[in-house]
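Ligands are counted one by one from 1 in listed order, and the atoms in each one are counted from 1 as well. Computed from a prediction, not measured in an experiment: that's the story for all the values here.
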Amino acid sequence: MKIIFATGNKDKIKEIRAIFGDRVEEVLTMKEAGIDIDIEENGTTFLENALIKARSVAAHCDAIVMADDSGLVIDALNGEPGVYSARYLGRDTSYHEKNQNLIERLAGKEGEERSARFVCAIAAVMPDGREFTSEKTMEGQIGFEEKGENGFGYDPIFFLPEYGKYSAELAPEEKNRISHRGKALRDMEEQLKDVL
Ligand code: IMP
């Protein structure tokens, strides 16, 4: 059995291979599987988007298909940027600009008023049509500055009070242990234990 992961992102596929690689014949990206379709991520939640992607690809192949959707949710901004995290202020705008903009929008807010979370939803569709889903979060606050060199995207403004560090200051293994994506992947692994 093969797993096709509906992403072009090399880092994501590496994480999936590390978790599921031993149990299946191959873990492929859509491109590697020769599937070239445009998927409109028009869901209003992370889970909807993950399911839209997984179902669209599953309709084109006879493998296990997994997809994920993730983003940053800021409470004081009514959940923005949310499912628009990658598109916030435009896909081509640098994360430095996006991050500075979010810090500015939270001016005057302190402590708990800056609460935020990263969310990751993962959906798996089996060749027989069965569906499995998982959604996990990493809780924190939007910091007052950008800090750290690791990670990507909004990691430099995501402060983890429990650790006294920004997400971009975590080593990759450290982040994987506590991150929304790491937790959702391990939960999916657990759910698929008896299936794979
Ligand atoms: P997608 O899940 O590939 O659609 O991307 C979601 C977007 O959410 C990314 O482009 C980032 O902007 C943001 N995001 C999701 N997870 C993380 C993370 O772990 N760190 C920083 N930004 C993230």
Side-chain angles (χ1 to χ4, degrees), residues 4-16 18-19 29-31 37-57 65-74 77 79-103 105 114-124 133-143 145-160 162-163 165-188:
I4 297 174
F5 201 84
T7 184
N9 184 318
K10 292 262 180 311
D11 293 323
K12 284 188 187 172
I13 207 81
K14 247 193 265 166
E15 287 183 30
I16 316 289
I19 290 186
T29 61
M30 265 164 63
K31 198 171 164 201
I37 50 169
D38 242 346
I39 305 169
E40 209 189 330
E41 286 178 40
N42 53 7
T44 56
T45 64
F46 296 108
L47 206 49
E48 263 176 44
N49 277 337
L51 276 167
I52 288 170
K53 284 187 259 188
R55 287 173 183 156
S56 311
V57 175
V65 178
M66 285 190 203
D68 78 338
D69 195 48
S70 58
L72 174 67
V73 171
I74 302 175
L77 303 180
E80 278 189 73
V83 292
Y84 299 104
S85 291
R87 292 165 270 178
Y88 183 63
L89 300 180
R91 268 187 203 278
D92 295 334
T93 304
S94 71
Y95 273 95
H96 172 63
E97 281 178 70
K98 296 187 207 232
N99 285 333
Q100 286 300 320
N101 170 273
L102 291 173
I103 291 171
R105 289 182 68 193
R114 304 180 74 89
S115 64
R117 66 200 53 77
F118 278 120
V119 182
C120 177
I122 301 183
T133 59
S134 178
E135 185 173 83
K136 298 287 172 193
T137 65
M138 174 162 76
E139 304 287 328
Q141 292 174 0
I142 302 303
E145 58 182 331
E146 291 179 82
K147 230 173 156 184
E149 305 298 328
N150 298 333
F152 67 101
Y154 300 103
D155 280 327
I157 56 164
F158 195 78
F159 182 69
L160 298 149
E162 264 178 78
Y163 299 87
K165 275 186 193 178
Y166 283 70
S167 182
E169 294 182 294
L170 299 175
E173 319 79 64
E174 218 178 342
K175 183 178 168 195
N176 187 36
R177 219 176 323 120
I178 61 168
S179 79
H180 48 313
R181 191 167 301 100
K183 287 191 276 193
L185 277 171
R186 287 189 294 275
D187 179 56
M188 184 55 77

A.B. asks: How about K147: does its NZ atom have over 12 heavy atoms from other parts shown lying under 6.0 Å from it?
C.D. replies: no
A.B. asks: Would you check if H180 and V119 make a side-chain contact, meaning some heavy-atom pair closer than 4.5 Å?
C.D. replies: no
A.B. asks: Starting from atom 13 (C) of ligand 1, which protein heavy atom do you reach first, and at what distance in Å?
C.D. replies: Y154 CD1, 3.8 Å
A.B. asks: Any atoms of ligand 1 less than 4.0 Å from a non-hydrogen atom of D155? List them with their elements.
C.D. replies: 18 (C), 19 (O), 20 (N), 21 (C)
A.B. asks: What protein heavy atom lies closest to atom 11 (C) of ligand 1? Include the residue and the distance to one decimal.
C.D. replies: Y95 OH, 3.5 Å
A.B. asks: Does the residue H180 have a heavy-atom contact with ligand 1, meaning some pair of atoms that are separated by less than 4.0 Å?
C.D. replies: yes
A.B. asks: For ligand 1, note which part of Y88 has a heavy atom under 4.0 Å away: side chain, backbone, both or neither.
C.D. replies: neither
A.B. asks: Might you confirm whether atom CZ of R87 has over 12 heavy atoms from other residues, nucleotides or ligands at distances under 6.0 Å?
C.D. replies: yes
A.B. asks: Rounded to the nearest 0.5 Å, how far apart are CD of E169 and CG of N150?
C.D. replies: 9.0 Å
A.B. asks: Measure the shortest side-chain to side-chain distance between I52 and I39 over non-hydrogen atoms and say whether it is less than 4.5 angstrom.
C.D. replies: yes
A.B. asks: Among protein heavy atoms, which sits nearest to atom 3 (O) of ligand 1, and what does the distance come to when rounded to 0.1 Å?
C.D. replies: K12 NZ, 2.8 Å
A.B. asks: For K175, counting its heavy atoms only, list the atoms of ligand 1 lying under 4.0 Å from any of them.
C.D. replies: 18 (C), 19 (O), 20 (N)
A.B. asks: Measure the distance from atom 21 (C) of ligand 1 to every protein heavy atom, then report the residue, atom name and distance (to 0.1 Å) of the closest one.
C.D. replies: F152 O, 3.1 Å
A.B. asks: Between K53 and ligand 1, does any nitrogen or oxygen pair lie at a separation below 3.5 Å?
C.D. replies: no
A.B. asks: Taking the side chain as every heavy atom from C-beta outward, state whether I74 and R105 have any pair of such atoms under 4.5 Å apart.
C.D. replies: no
A.B. asks: Within the 4.0 Å heavy-atom shell around A86, which atoms of ligand 1 are there?
C.D. replies: 7 (C), 10 (O)
A.B. asks: Relative to the heavy atoms of G71, which atoms of ligand 1 are at a distance of less than 4.0 Å?
C.D. replies: 8 (O), 15 (C)
A.B. asks: Pick from Y166, F118, Y95: which one makes a ring-ring contact (aromatic ring centres under 6.0 Å, His included) with F158?
C.D. replies: F118
A.B. asks: Could you identify the single nearest non-hydrogen protein atom to atom 4 (O) of ligand 1 and state the distance to 0.1 Å?
C.D. replies: D69 OD1, 3.5 Å
A.B. asks: Taking the side chain as C-beta and beyond, is there a heavy-atom pair between L51 and D69 under 4.5 Å?
C.D. replies: no
A.B. asks: May I ask you to test the D155-K175 pair for a side-chain heavy-atom distance under 4.5 Å?
C.D. replies: yes
A.B. asks: Could you tell me whether E41 and ligand 1 have an N or O pair separated by under 3.5 Å?
C.D. replies: no
A.B. asks: Under a 4.0 angstrom heavy-atom cut-off, which atoms of ligand 1 come close to S70?
C.D. replies: 1 (P), 2 (O), 5 (O), 6 (C), 7 (C), 8 (O), 15 (C), 16 (N)
